[in-house]
Amino acid sequence: MTTVEDTRMATDIHTPTPATGPTTTRPETRNWTPYLLSLPALALFATLLVVPLVMTALLSLNSFGFYTGIENVWRLDNYLEIVRDDYFHEVFLRTFRIAFLVTLLSAVIGAPEAYILRRMRAPWRGICLLIVLGPLLISVVSRTLGWALLFGSTGLINQGLMGVGLIATPIEFMYTETGVVIALTHVLVPFMVLSVWASLQRLDPQVENAALSLGAKPFTVLRRVVLPQVVPGILSGSIIVFALAASAFATPAIIGGRRLKVAATLAYDEFLNTLNWPLGAAVAVLLLAANIVIIVGCNRLVERRYKQVFE
Amino acid sequence: MPYLVLDSLTKRFGSWLAVDGLSLTVEKGELVSLLGPSGCGKTTTLQMIAGFLDPTSGRVTLDGADLLAKKPNERGLGIVFQSYALFPHMTAAENVAFGLEMRGVPRAERERRVAETLQLVGLGAFGDRHPKRLSGGQQQRVALARALVIRPSLLLLDEPLSNLDAKMREEMQVELRRIQRSVGTTMILVTHDQSEAMALSDRVVIMNKGRVEQIAAPQAAYDQPASAFVANFLGRTNLLQGVVSGDGRERRVAVGGAVWPVGEEVPEGPGVVTVRPEKVSFVAGSGVPGRVQARVFQGTQWLFEVATDAGPLTVIRQHDGQPLPAEQDSVLLGWRPEDMRVMAGQPAASP
Ligand SMILES: Nc1ncnc2c1ncn2[C@@H]1O[C@H](COP(=O)(O)OP(=O)(O)O)[C@@H](O)[C@H]1O
Ligand SMILES: [Mg+2]
């Protein structure tokens, strides 16, 4: 079993190096090379990510007046406004409702998709995987515009459904949450498929045969043996999809339009239409904070639950 | 009444014949090994019995019933996989209990039988550990317990000991034999290790390139190999060029200047004589003349390389104080007629 040896080797590597040994009286000889080597990457990271983030956070503390512009004061007024105003509550709630539904749908569609893909034979598997991952190669904007064409009241979906006679009047997809959820799910399902695919790769194919030989029906094998082993993959995929869905901009902007705002489009409007940069910054900071809290919380849960089994 | 019958079982992968017309009958309670070099079709045979591969042709019956008509999950066989294939998200006890759960065994009885079986494989105290927290040998025992606990009509083991180190492997061989005796399960063991097959089996099936070379008790296969391949695969042997002559019942084979009577039915003409190194001795009077090329002391025995007209010959002699020839000595070699096997053909045709 390579895994057993792997852990053993890993512990060997991490066991006492001279620096952490009992002889602490020695003058400290710190090895600076790793830090120096990672310096360029750290500098890039700082200038491109940390600096703008800090500036956004600072900006969110300023205040804004229609005649005075941005005033250089440090107050929590913007945050208080968001907390007090029902309109903002609605936007944030909608954002996370959409993100949650998209995550759920991605899991429900993506996990079986990955499993079926893995069971396929050689030429088809590659072709189908390409089709599934294909959307990632197309720009979000053109893909979403495609959905807008399909969704319209004279779009293909409504015409098809009416032609078949399932519906009498067109269903509203454009400028509705349903439309945004469908389009976002299409965009984000490949991430779920990839994540579940990775955990399926680690599955010993004989394990399913073992369960069969013990008398399990095929569906029981899926539920009791395969699913529990890919749960970590589904959960990490969910984290990715949730984060991307909650902060998605292009799809809600095109499908949701002006009327159906989510946090990202709200922040954008505050910046570019209302020109209330501090309020937009506050929205962005809150979105980031909420995202981090939810994701870190979920990750903790996953780790605690599966630590014992999978390392 | 044979218990398991394989009737000219054949499996093709495209144009490749992985298993070619394998026929075998196994009695109830017997332990039969499929033995052969890697790639000879052992796993394929086992997977066809288990139902994970469909045979191209042939039949399999177990206790009179057609096994191929049943789905893998209806066959009720116990299988120990080479990779163990344990359920990593379940503890050892949950792994063992899985088959009983599928059979709807009530909880109380389930727990009793799981504990009993874990005890049997010497893992009584490890029931609540996950596979990742068990050593290779322990995982192997869990896999065995998981297959045994459902009281399978037939237990299939695919190289169950090949992932263990030498010492653990020997321990598990003894353990496996003990369990087989105490439970009485019919077992088919796949292995490429001839000493493992010898140590464990009632009978061995020696396979080569998808075909059966010989089916016999281990000692019989060793002493009377049916082919040069078997003779060579089961320990060391000498392959010598001889000439078969004579007619009717009086047949003889001439090897390097000496002549032996032949017991078996062999056509006249060139033949291969096989004889084990430890069965050859230095004789006075008449025998195969040769010259000692090298001699090596190996502790309990001496190893000689002797050049003869029939080809090089290896001789093993016990280190028991008797006088032995030195290097470059001219010697005469002999063996009892019953220690030798004669087959038609050329030695070069053998592996
Ligand atoms: N799914 C498969 N497709 C094509 N060839 C296969 C397949 N499975 C096994 N083989 C071939 O069949 C032969 C027998 O394989 P196997 O039964 O696994 O050998 P063994 O277990 O004796 O080492 C090998 O040459 C192998 O390459
Ligand atoms: Mg094999």
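Per chain, numbering begins at 1; letters A, B, ... match sequence-line order.
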Contact check, side chains of M90(B) and R224(A), non-hydrogen atoms, under 4.5 Å: yes
D204(A) side chain near F81(B) side chain, heavy-atom distance below 4.5 Å: no
Taking side chain as everything from C-beta outward and backbone as N, CA, C, O, which of these in [X] sits under 4.5 Å from a heavy atom of chain A? Side chain, backbone, both or neither.
{"X": "Q82(B)", "answer": "neither"}
{"X": "L86(B)", "answer": "backbone"}
{"X": "R103(B)", "answer": "side chain"}

Looking at [X], I want to see if its [atom1] is surrounded by more than 12 non-hydrogen atoms of other residues, nucleotides or ligands under 6.0 Å.
{"X": "R59(B)", "atom1": "CZ", "value": "no"}
{"X": "F249(A)", "atom1": "CZ", "value": "yes"}
{"X": "F96(A)", "atom1": "CZ", "value": "yes"}
{"X": "E177(A)", "atom1": "CD", "value": "yes"}

Sole residue of N73(B), I79(B), L77(B) in side-chain contact (heavy atoms from CB on, under 4.5 Å) with S213(A): I79(B)
R146(B) to A210(A) - nearest heavy-atom pair and separation: NH2-CB, 3.4 Å
Top of V231(A), V207(A), L203(A) for chain B proximity - count of heavy-atom pairs under 4.5 angstrom: V207(A)
Part of N209(A) within contact of chain B (heavy atom distance under 4.5 Å): both
Best-contacting candidate, K71(B), E74(B), M102(B), R75(B), against chain A by heavy atom pairs under 4.5 angstrom: M102(B)
Hey, can you pull the donor-acceptor pairs under 3.5 Å for the side chains in residues 114-126 of chain B, sequence neighbours left out?
unit_1, atom_1, unit_2, atom_2, d
E116(B), OE2, R112(B), NH1, 3.0
T117(B), OG1, R113(B), O, 2.7

Those residues of residues 182-189 of chain B, ordered by number, that approach chain A below 4.5 Å (heavy atom to heavy atom): none
